[in-house]
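This report concerns only the one structure given below.
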Amino acid sequence: QGQLVESGGGLVQPGGSLRLSCAASGFTLAYVAIGWFRQAPGKEREGVSCIDSTDGSTNYVHSVKGRFTISRDNAKDTVYLQMNSLKPDDTAVYYCATSLFRLCGNSWYDPRNYIKWGQGTQVTVSS
């Protein structure tokens, strides 16, 4: 079956940085696109970023463009989300997920296109 495990969350002050990791156990991430999502209390799950399995093309939700960077290391079956210039609005539980497809595509932000999810890691941005 395998599982995804997120790590790297925590409490950070506004303007700070965190790097989230998403590691696969029991299977390889190399052949599927990987997405990062987040969910704040009382809000729907939101697509944050996605990275293709092929050439590493990336997608970002507008609110994080220029601040977050997604990357992958297929040799380690790990995907990262580097988050800089964090804001209180970034506070949420962050999840990674494996796409049904090799490419993110135009609907990369739709959770229905993802099949395996991690348990999430809490990110809190507060002074």
Side-chain angles (χ1 to χ4, degrees):
Q1 292 275 11
Q3 60 179 348
L4 291 172
V5 179
E6 300 98 336
S7 61
L11 173 64
V12 63
Q13 292 186 342
S17 298
L18 286 173
R19 188 176 81 153
L20 305 184
S21 297
C22 169
S25 163
F27 70 103
T28 180
L29 295 176
Y31 305 112
V32 292
I34 303 297
W36 279 100
F37 290 76
R38 64 187 179 186
Q39 189 164 20
K43 294 187 176 181
E44 292 188 354
R45 192 164 295 192
E46 175 187 41
V48 175
S49 185
C50 182
I51 186 166
D52 286 351
S53 67
T54 52
D55 62 359
S57 294
T58 58
N59 299 269
Y60 299 94
V61 67
H62 178 75
S63 60
V64 308
K65 282 182 179 179
R67 300 189 298 122
F68 289 12
T69 302
I70 190 172
S71 62
R72 65 191 299 157
D73 184 340
N74 287 341
K76 295 183 178 179
D77 283 321
T78 301
V79 174
Y80 305 97
L81 186 67
Q82 177 67 42
M83 306 187 296
N84 299 328
S85 302
L86 282 161
K87 305 175 181 180
D89 283 350
D90 295 319
T91 295
V93 178
Y94 283 71
Y95 302 89
C96 63
T98 59
S99 174
L100 292 166
F101 312 107
R102 294 175 64 88
L103 304 179
C104 297
N106 292 329
S107 298
W108 65 268
Y109 51 85
D110 188 343
R112 294 174 297 179
N113 290 326
Y114 296 81
I115 189 169
K116 185 181 292 289
W117 293 80
Q119 82 291 348
T121 185
Q122 176 71 47
V123 171
T124 303
V125 185
S126 175
S127 56

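Please read all numbers here as calculations on a predicted model, not as lab measurements.
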* Structure fact -> Of all heavy-atom pairs linking Ser53 and Ala30, the shortest is CB-O, 3.4 Å

* To do: Give the intermediate values and the outcome of side chain to side chain contact (heavy atoms under 4.5 Å, CB included) for residues Asn59 and Tyr109.
  => CA-CA 9 Å; Asn59 299 269; Tyr109 51 85; over 6 Å; no

* If you take all heavy atoms of Trp108 and Cys50, which pair is closest and at what distance? -> CE3-CB, 3.7 Å

* With Asp52 via side-chain contact (heavy atoms from CB on, under 4.5 Å) - residues at least two apart -> Thr54, Asp55, Ser57, Leu103, Cys104

* **Which atom of Ser21 lies closest to which atom of Thr78, heavy atoms considered** => CB-CG2, 4.3 Å

* Asked: In the single-linkage hydrophobic clustering (I, L, V, M, F, W, Y; side-chain heavy atoms under 4.5 Å), do Val79 and Val61 co-cluster?
  -> yes

* To do: Measure from the side-chain N and O atoms of Thr124 to the backbone N and O of Leu11, and report whether any donor-acceptor pair falls under 3.5 Å.
  => no

* Compare every heavy atom of Trp36 with every heavy atom of Ile70, then report the nearest pair and how far apart it is. => CD1-CD1, 3.6 Å

* Would you mind reporting whether Leu86 and Leu18 have side-chain heavy atoms less than 4.5 Å apart? => yes

* For the hydrophobic clusters of this structure (ILVMFWY residues joined by side-chain heavy atoms under 4.5 Å, transitively), does one cluster hold both Tyr94 and Tyr80? -> no

* With sequence neighbours excluded, give me every salt bridge (charged side-chain N to carboxylate O under 4.0 Å, His left out) pair touching residues 2-26. => none

* **Selection residues 115-127 - residue pairs positive for salt bridge (charged side-chain N to carboxylate O under 4.0 Å, His left out), sequence neighbours left out** => none

* Asked: Does a side-chain heavy-atom distance below 4.5 Å link Val123 with Thr91?
  -> no

* Asked: Just checking, any donor-acceptor pair under 3.5 angstrom between side chains of Asn84 and Ser17?
  -> yes

* Asked: After noting the C-alpha distance and the side-chain angles of Asp89 and Lys87, does the key distance pass the salt bridge (Lys or Arg N to Asp or Glu O under 4.0 Å) rule?
  -> CA-CA 5 Å; Asp89 283 350; Lys87 305 175 181 180; over 6 Å; no

* pair Glu46-Phe37: side-chain heavy atoms closer than 4.5 Å -> no

* Asked: Considering only heavy atoms from C-beta outward, does the side chain of Asp110 approach that of Arg45 to under 4.5 Å?
  -> no

* Closest non-hydrogen atom pair between Tyr95 and Gly118, with its separation -> CD2-O, 3.6 Å

* To do: With sequence neighbours excluded, give me every salt bridge (charged side-chain N to carboxylate O under 4.0 Å, His left out) pair touching residues 59-81.
  => Arg67-Asp90

* Rounded to the nearest 0.5 Å, what's the gap from CD1 on Ile34 to CG on Leu81? Could you check? => 12.5 Å

* To the nearest 0.5 Å, what is the distance between CD (Gln13) and OG (Ser127)? -> 7.0 Å

* **Exercise: identify the closest heavy-atom pair between Gln119 and Val5** => OE1-CA, 3.7 Å

* Asked: What is the distance from atom SG of Cys22 to atom CH2 of Trp117, rounded to the nearest 0.5 Å?
  -> 10.5 Å

* **Sub-4.5 Å side-chain heavy-atom contact between Phe68 and Val48** => yes

* To do: Kindly indicate whether the side chain of Val93, heavy atoms from C-beta on, has any atom under 4.5 Å from the side chain of Arg38.
  => no

* Please go through Leu100's hydrophobic cluster and name the other residues, only I, L, V, M, F, W, Y counting, with side-chain heavy atoms under 4.5 Å joining them. => Phe101, Ile115

* Residues in side chain to side chain donor-acceptor pair (under 3.5 Å) contact with Ser7, at least two apart in sequence or another chain -> none

